[in-house]
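The structure appears below as structure tokens.
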Amino acid sequence: MTRRIVVAITGATGAVYGVRLLSALREREVESHLVVSRAGWMTLHDEMNLDKADMKNAASFMHDINDVGATLASGSFVHDGMAIAPCSMKTLAAVAHGFDDNLITRAADVTLKERRKLLMLARETPLTLAHLQNMTMVTQMGGVVMPPLPAFYAKPRTVEDLVGYTVNRMLDQFGLNAEDAYPRWNGFAR
């Protein structure tokens, strides 16, 4: 069976994470299904100067946020997991509370109920108690809350290095990375 990953981009800052993940999936010949929220399109345009025409070629399939009848809305659509990158606090709250008001939140709910991997690159700081409680709820349901934090032991020199580290960590979560794909922690130099 073809490997499949669902990628959602919401309106939080950091659209580059979703774009780079799609690129990495294409390099690995993994089928990708993209859903972008209304605010996600605004962020893609503002941060990366990308629009729907640009993104159409970034994924194997692109789905409309309002198409709750899409394949992704059903547990019978088999995939290897879903990444919401970046994940806004609104989307995190909706998933935590089962509020399936669009295709992203419905696909995330389906991913959880089918016990598939759900990664949420939560983008906000500082965090309120509501944010932390929503993260706890998603974690208790089996989701993985994965804020895109830098690892300075990897000696990043550019923003690309920082983004690449997080994308590689996402790929690890899906079992799609080689062991030597990026600098990994090997203990303190002695």
Would you please test L118 and I84 for side-chain contact (heavy atoms from CB on, under 4.5 Å) and show each step? CA-CA 8 Å; L118 174 64; I84 305 176; 4.2 Å; yes
Tell me, please, which residues at least two apart from N168 pass side-chain contact (heavy atoms from CB on, under 4.5 Å). R28, L171, N177, A181, Y182
Excluding sequence neighbours, so at least two apart, what forms salt bridge (Lys or Arg N to Asp or Glu O under 4.0 Å) with D101? none
Rounded at 0.5 Å granularity, tell me how far NE2 in H33 sits from NE2 in H79. 9.0 Å
Sequence neighbours excluded, the answer for salt bridge (Lys or Arg N to Asp or Glu O under 4.0 Å) partners of E29 is none
Step by step, would you call M89 with T128 a side-chain contact (heavy atoms from CB on, under 4.5 Å)? CA-CA 10 Å; M89 291 300 106; T128 69; over 6 Å; no
Are more than 12 heavy atoms, taken from residues, nucleotides or ligands other than H45, located less than 6.0 Å from that residue's NE2 atom? no
Backbone N or O of D80 within a donor-acceptor pair of the R3 side chain at under 3.5 Å? no
I'd like to check the side-chain contact (heavy atoms from CB on, under 4.5 Å) partners of Q133; sequence neighbours left out, ordered by chain and number. L129
With rounding to the nearest 0.5 Å, note down the distance linking OG1 in T91 to CD1 in I9. 12.0 Å
Does atom OH of Y153 have more than 12 heavy-atom neighbours, drawn from other residues, nucleotides or ligands, at distances under 6.0 Å? yes
What pairs of residues pass the salt bridge (charged side-chain N to carboxylate O under 4.0 Å, His left out) test when at least one of them lies in residues 57-76, not counting sequence neighbours? none
Pairing residues for T136 by the side-chain hydrogen bond (donor to acceptor under 3.5 Å, both in side chains) criterion, not counting sequence neighbours: none
Within residues 133-161 or reaching into it, pairs that qualify as salt bridge (charged side-chain N to carboxylate O under 4.0 Å, His left out) - sequence neighbours excluded: R20-E160
Which residues pass the side-chain contact (heavy atoms from CB on, under 4.5 Å) test with K113, not counting sequence neighbours? R106, V110
Return all side-chain donor-acceptor pairs below 3.5 angstrom for residues 49-56, not counting sequence neighbours, or 'none' if the list is empty.
| residue | atom | partner | partner atom | Å |
| --- | --- | --- | --- | --- |
| D51 | OD1 | A53 | N | 3.1 |
| D51 | OD1 | D54 | N | 3.1 |
| D54 | OD2 | D51 | N | 2.9 |

List the atom pairs, donor and acceptor, that lie under 3.5 Å between side-chain atoms in residues 36-44 and the rest of the protein, sequence neighbours left out.
| residue | atom | partner | partner atom | Å |
| --- | --- | --- | --- | --- |
| S37 | OG | G40 | N | 2.9 |
| T43 | OG1 | G11 | O | 3.0 |
| T43 | OG1 | A39 | O | 3.0 |

side-chain contact (heavy atoms from CB on, under 4.5 Å) partners of L162, counting only residues at least two apart: P150, P156
List, one per line, each side-chain donor-acceptor pair under 3.5 Å for residues 137-144, sequence neighbours excluded.
| residue | atom | partner | partner atom | Å |
| --- | --- | --- | --- | --- |
| T139 | OG1 | M135 | O | 2.8 |

For the backbone of L149 and the side chain of R169, can you confirm whether one donor and one acceptor N or O come within less than 3.5 Å of each other? no
